[in-house]
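Each remark here refers to the structure printed beneath this line.
Quick note: numbers below take in every heavy atom, side chains included, and nothing from hydrogens, waters or symmetry partners. In each ligand, atom 1 is the first atom listed, and ligand 1 is the first ligand listed.
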Amino acid sequence: MLDAMKVGILTGGGDCPGLNAVIRAAVKTGIARHGFEMLGIEDAFHGLVDLGYQSPHGNRWLTEMDVRGIQTRGGTILGTSNRGDPFHYVVKSESGKEIETDISDRVLENMHRIGLDAIISIGGDGSMRIAQRFFEKGMPIVGVPKTIDNDLGATDQTFGFDTAVCIATEAIDRLSDTAASHDRVMLVEVMGRDAGWIALHAGLAGGADAILIPEIPYRIDAIAKMIAQRSAAKQKYSIIVVSEGAKPLGGDRSIGETRAGAMPRLMGAGSRVAEGLRELVSADIRVTVLGHIQRGGPPSSFDRNLATRYGRAAADLVATKQFGRMVALRDGQIVTLPIADAIAKPKLVDPKSEMVETARALGTFFGDEP
Ligand SMILES: Nc1ncnc2c1ncn2[C@@H]1O[C@H](COP(=O)(O)OP(=O)(O)OP(=O)(O)O)[C@@H](O)[C@H]1O
Ligand SMILES: O=P(O)(O)OC[C@H]1O[C@](O)(CO)[C@@H](O)[C@@H]1O
Ligand SMILES: [Mg+2]
């Protein structure tokens, strides 16, 4: 009899609703259909950088019991990391300075030491870039696209996005009540990095008066004019959704902290718009930053099902040894394609898209008109 395939599964990048549903589907399909032994790797690649890594569980063999019912839970039972790319691993030099180094060979050695035959990597653009580099170094790896940002190419949607949009929409609904009651300008800052997907979808669903996305740089005087026009038309309040990556025309994103081995943190886009507006309008202005609320909690049924379909398809990809490929959603169907295609270019909002045009048709302002 052939030995069972040993398959490692890990989650990388920021957590997002639906990760546990992928893990459950891949583990159940892997064990029951393909006879795999499934190793849960802790905190993205950290569990393969150091086989003694425990934070707090360490790597562990997963049974069907371990994944029972977890599709309803946010977060990831495996833990994750958005700092720890093995090709740019951060270590402390003798002087205490943080420096980046390539420890990818160690990850491959450790993988062979445990006897793993394949890896399922669940992650966003950052994780897929890492997966592609490992594939090019000979690692048998398949990808599953996740991220609330929905910025990964080659798939119509990543799981987690739908839940994040639902949370942001609910927040806009709630803030609209206060805005209307107090005649205020309410700014809602949402996540999404350099893509305006969450802002666009939640803003349209919540009937926002303005949506500021990275793909359409804004002019603060134009937003002030919109507020004045609304006020003159007896609409004394305004809801403005601001992507964390939004930027003024000719300006740059609002960046907070930068740390070695991690993407720069986007911070302060909403406050920056508020500060600009305070100089131009007399209305009372408040800023709400939704932050990580968008990433936690139970996934929507759409995300659970998408994640479940992805997890099953990823296990099937491993069983048929189709490495270097990622599962994706295309026109409602689960398909597979090279990971390289998914990372070729980020998926951004097209300012001329039907959805933007629909919002404009309803009077939504994008901050770009005189
Ligand atoms: N699988 C991983 N293992 C270790 N580090 C990772 C992994 N994935 C991403 N990182 C680190 O996190 C950084 C940020 O990645 P990024 O935040 O883009 O994650 P992602 O996978 O795209 O998911 P998301 O965008 O949803 O957070 C990467 O540049 C890398 O340093
Ligand atoms: O959890 P962290 O490290 O603050 O990362 C926040 C970033 O991760 C995401 O939530 C997902 O990529 C982005 O929308 C956001 O910019
Ligand atoms: Mg990303």
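Close approach of ligand 1 to Ala44 is summarised as follows: ligand atoms under 4.0 Å from at least one heavy atom of the residue are 1 (N), 2 (C), 3 (N), 4 (C). Every atom of ligand 2 with a heavy atom of Ile148 under 4.0 Å away is listed here by number and element: 10 (O). Near Gly84, the atoms of ligand 1 lying under 4.0 angstrom from a non-hydrogen atom of the residue are 3 (N), 4 (C), 5 (N). Short contacts between ligand 2 and Met191, defined as distances under 4.0 Å to a heavy atom of the residue, involve ligand atoms 10 (O), 14 (O). Counting the atoms of ligand 1 from 1 in the order shown, those under 4.0 Å from a heavy atom of Gly12 are 1 (N), 21 (O). Close contacts of ligand 1 with Thr147, meaning ligand atoms under 4.0 Å from a residue heavy atom, involve 24 (P), 25 (O), 26 (O). Applying the 4.0 Å criterion to heavy atoms of Arg193 picks out, from ligand 2, the atoms 13 (C), 14 (O), 16 (O). Of all atoms in ligand 2, listed by their number and element, those nearer than 4.0 Å to a heavy atom of Gly192 are 14 (O). Every atom of ligand 1 with a heavy atom of Lys146 under 4.0 Å away is listed here by number and element: 23 (O), 24 (P), 26 (O), 27 (O).
By the 4.0 Å N-to-carboxylate-O rule, Asp66 lies too far from Arg68 to be salt-bridged with it. With salt bridges taken as basic N to acidic carboxylate O contacts below 4.0 Å, one links Arg219 and Asp221. A salt bridge is absent between Arg193 and Asp125: the closest approach of a Lys/Arg side-chain nitrogen to an acidic carboxylate oxygen does not fall below 4.0 angstrom. The pair Arg184-Asp284 meets the salt-bridge criterion, since a charged nitrogen lies less than 4.0 angstrom from a carboxylate oxygen. Under the 4.0 Å criterion applied to side-chain N and carboxylate O atoms, Arg133 and Asp85 are not assigned as salt-bridge partners.
Looking only at heavy atoms of the protein, atom 14 (C) of ligand 1 is closest to Met263 CG, 3.3 Å. Of the protein's non-hydrogen atoms, the one nearest atom 21 (O) of ligand 1 is Ser127 OG, 2.6 Å. When only non-hydrogen protein atoms are considered, atom 16 (O) of ligand 2 lies nearest to Glu244 OE2, 2.6 Å. Counting protein heavy atoms only, atom 15 (O) of ligand 1 is closest to Gly126 CA, 3.9 Å. With hydrogens left out, the protein atom closest to atom 3 (O) of ligand 2 is Asn82 ND2, 2.8 Å, a heavy atom. Given atom 1 (N) of ligand 1, the protein heavy atom at minimum distance is Phe45 CD1, 3.4 Å. In terms of protein heavy-atom proximity, atom 12 (O) of ligand 2 is nearest to Asp149 OD2, 2.6 Å. The closest protein non-hydrogen atom to atom 4 (O) of ligand 2 is His292 NE2, 3.1 Å. Atom 27 (O) of ligand 1 has as its closest protein heavy atom Gly14 N, 2.8 Å. Looking from atom 6 (C) of ligand 2 to the surrounding protein, the closest heavy atom is Arg295 NH1, 3.6 Å. Of the protein's heavy atoms, Asp125 OD1, 3.2 Å lies nearest to atom 18 (O) of ligand 1. When hydrogens are left out, the protein atom nearest atom 13 (C) of ligand 1 is Asn82 O, 3.1 Å; that is the closest non-hydrogen contact. Counting protein heavy atoms only, atom 30 (C) of ligand 1 is closest to Asp85 CB, 3.5 Å.
The shortest separation from a heavy atom of Gly261 to ligand 1 is under 4.0 Å, placing the residue in contact. Taking a 4.0 Å cut-off on heavy atoms, His46 fails to register as neighbouring ligand 1. Ligand 2 does not have Gly124 within reach: every non-hydrogen atom of the residue lies 4.0 Å or more from it. Distances shorter than 4.0 angstrom do not occur between any heavy atom of His88 and any atom of ligand 1.
In this model, a donor atom of one side chain and an acceptor atom of the other lie less than 3.5 Å apart for Tyr53 and Asp43. Side-chain atoms of His292 and Asp15 include no donor-acceptor pair closer than 3.5 Å. The closest side-chain donor-acceptor pair between Thr158 and Tyr310, if any, does not fall under 3.5 angstrom. Under the 3.5 Å distance criterion, with hydrogens and angles disregarded, a donor-acceptor pair is assigned to the side chains of Arg325 and Thr336. In summary, the side chains of Arg24 and Gln71 do present a donor paired with an acceptor at a separation below 3.5 Å, with no hydrogens or angles considered.
Considering both main-chain and side-chain atoms, Gly124 comes within under 3.5 Å of ligand 1 through a nitrogen or oxygen pair. Between Leu266 and ligand 2, not a single N/O pair is under 3.5 Å apart. Between Ala262 and ligand 1, no pair of N/O atoms sits closer than 3.5 Å.
With a 6.0 Å radius and a threshold of 12 heavy atoms from other residues, nucleotides or ligands, Glu257 has its CD atom above the threshold. Heavy-atom neighbours of Arg73 CZ from other residues, nucleotides or ligands within 6.0 Å: at or below the threshold of 12. In this structure, Lys247 places its NZ atom where more than 12 heavy-atom neighbours from other residues, nucleotides or ligands lie under 6.0 Å away.
Using bins of under 30°, 30° to 60° and over 60° for the plane-to-plane angle, the ring pair Phe161/Trp197 lands in the perpendicular bin.
A distance-only check finds no donor-acceptor pair linking the side chain of Thr80 to the backbone of Ala44 [under 3.5 Å]. Counting only distance, with no hydrogens or angles, the side chain of Glu244 and the backbone of Gly192 share a donor-acceptor pair below 3.5 Å. Checking side-chain atoms of Glu215 against main-chain N and O of Asp350 turns up no donor-acceptor pair under 3.5 Å. Of the possible polar contacts, one joining the Glu42 side chain to the Gly58 backbone as a donor-acceptor pair under 3.5 Å is found.
Only the backbone of Arg83 comes within 4.0 Å of ligand 1, judged by heavy-atom distances.
Protein N/O/S atoms closer than 2.8 Å to the Mg ion (ligand 3), listed by chain and residue number, are Asp125 OD1.
When ring centroids are compared, Phe134 and Phe87 come within the 6.0 Å threshold.
Taking only non-hydrogen atoms, the option from Val107, Ile122, Ile130, Asp149 nearest to atom 7 (C) of ligand 1 is Ile130.
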Problem - Candidate pair Glu354 and Arg360, rule salt bridge (charged side-chain N to carboxylate O under 4.0 Å, His left out), full reasoning - result: CA-CA 10 Å; Glu354 173 274 325; Arg360 286 196 199 274; over 6 Å; no

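Arg129 pairs by the side chain to side chain donor-acceptor pair (under 3.5 Å) definition with nothing, not counting sequence neighbours.
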